[in-house]
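Have a look at the structure below before the remarks.
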Amino acid sequence: MPDLTISPVLILDFGSQLTQNIARRIREMEIYSEILPATLPTQDIRDRNPLALILSGGPSSVYEKGAPTLDPSLLEMGIPVLGICYGMQIIAHVTGGNVERAKVREYGVHLFSPSPKATTLWDAFRPASPVLMSHGDWIQDLPKGFNVSGSTETTPIAAMEDPAKKIYGVQFHPEVTQTAAGVDFLRHFLRDVCRIAPNWTIRGYLDRHIEEIRETVKKDHLVCALSGGIDSTVTALLCHRALGERFHAIFVDNGLLRQGELDTLQTDLATLNIPLDVVEAENIFLTRLKGVSDPEKKRKIIGKTFIDVFSREARKRGTIRYLAQGTLYPDVIESVSSFGGPSTVIKSHHNVGGLPSRMPFKLVEPLRELFKDEVRRLGRELGLSDRFVNRQPFPGPGLAIRILGSITPERLSIIRKADAVVRDEIEKSPFKSDLWQYFAVLLPVKSVGVMGDARTYENVVAIRSVRSVDGMTADVHYLSPELLGQMSHRIIASVEGVNRVVFDISPKPPATIEWE
Ligand code: XMP
């Protein structure tokens, strides 16, 4: 649910994979922003009373039939507007400019120089500043009232502005790190042009959401799906603080956990004084997953089984109407294409897309507007220790999405043991805190090996180790050859059924962090 007490900077999503980065950059400036689909009716956009509009990039061409468009009246609301890539082209298109297929298309980093006559908004850029470009169209002719604010070596109109109406456009992407001065530029735009003061803090978020949970749940009870990860634990703490004894934490042991996970969780929660009920549900999960190899099917089955087990457990505890989940903003956007907008669906996240539409609970999702690093900050604000807060994330569907192909007790045992070796080796290393995630994946292929003079035909395990700020993008963390060698040696020697270990060197994008 959006926060209706603060006027947002509204980001209209035209389908770019980078739209969330825009929201992140703005929130890092402690300014509240929301993403809405560009296809939303104009009145709904106006009703949110935005302080400024940002139009995202997108994969379409403005002149194509069916391409998402912009109601020109949104440019007459008297609030500043910034169009990024497709966003700039759609402004030009609906105000009488001319957008065509670019004579020279630009993909990757190019050098941008502001025009001598550009306004001070462009002061963030020195001549020949690196900017990320990704476009096949360009603006051939400016609409009336606009000036060129900058160009690259190959794109004459790489930025434009109508300072009187406070409408601006950039062909490049200021929201990514490859555009070195991008954050400065966005800050100039929001602080100096839009005159927005910081209006969003974690403390304020906490207070508002505790209040909101109380108002939503009223005198009812709420049950929380605790997995022991940071998201569900912060959700639980927040709900526990709001509701006290009317809060119930249930941990479903789905049989897809890592080695030692439940023990650690129980110890940690005991120190936080959160009462926890553990429900053994391994059988039902493994039975329903039997023979299933399709990743989306696995996710959906796990989501549904979770709810089935919860309904049963909740019924045992009397009438509980509410279920709290640690759904995060990226889960929401990746699963439902920014509330029905055009962004492409990547995976049905366990917390959202995998849930059946008819559920016996009303959902409470107090982290729905947050990115992962913001959840960590909230966790600290709620008194969680650094040891807890800095744990690596573990996905809702657990080891099921790290076993490619079908899931059997034998394959679960293999991945558990191999993963325990990976974790043990990395946790002994000094760079552990630099990593976002590190784990093992069991591949659906066998390969030939030789052990003790005999031919083997056994499983392959992949090691993944990545750095990331919010899970939206990730870089490979190249482990040293010595460490990789040590892991490979230990896995092959101690995990029966594995004769080969490989290292995954794919960043996100184009890969995702999890293999399924
Ligand atoms: P991907 O694989 O999409 O993962 O690059 C991004 C981050 O999300 C985690 N992840 C999940 N978390 N439920 C979760 O709670 C899920 O279904 C899920 N799938 C992926 C993943 O571990 C990574 O940190």
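The analysis underlying the following values was restricted to heavy atoms, covering all of them including side chains, and did not include hydrogens, waters or symmetry mates. Both counts, for ligands and for their atoms, begin at 1 and track the order of listing.
- Below 3.5 Å of separation, one finds no N or O of Gly471 facing any N or O of ligand 1.
- Between Ile401 and ligand 1, not a single N/O pair is under 3.5 Å apart.
- For ligand 1, the atoms closer than 4.0 angstrom to any heavy atom of Arg299 are 16 (C), 17 (O), 18 (C), 19 (N), 20 (C).
- A donor-acceptor pair shorter than 3.5 Å cannot be found between the side chains of Ser16 and Ser56.
- Using bins of under 30°, 30° to 60° and over 60° for the plane-to-plane angle, the ring pair Phe306/Phe310 lands in the tilted bin.
- Sorted by first and then second residue, the salt bridge (charged side-chain N to carboxylate O under 4.0 Å, His left out) pairs involving residues 425-444 (not counting sequence neighbours) are Asp424-Lys428, Glu425-Lys428, Glu425-Arg490.
- Applying the salt bridge (charged side-chain N to carboxylate O under 4.0 Å, His left out) definition to pairs two or more places apart or across chains, those involving residues 399-411 are Arg402-Glu514.
- Counting atoms of ligand 1 from 1 in the listed order, those under 4.0 Å from a heavy atom of Lys508 are 1 (P), 3 (O), 5 (O), 6 (C).
- Remark: ligand 1 and Gln437 share an N or O pair separated by less than 3.5 Å (distance only, no angle test).
- Close N/O approach between Trp436 and ligand 1 is found [any backbone or side-chain N/O within under 3.5 Å].
- Close contacts of ligand 1 with Thr512, meaning ligand atoms under 4.0 Å from a residue heavy atom, involve 1 (P), 2 (O), 5 (O).
- The contact set between ligand 1 and Pro397, taken as ligand atoms under 4.0 Å from a residue heavy atom, comprises 13 (N), 16 (C), 17 (O).
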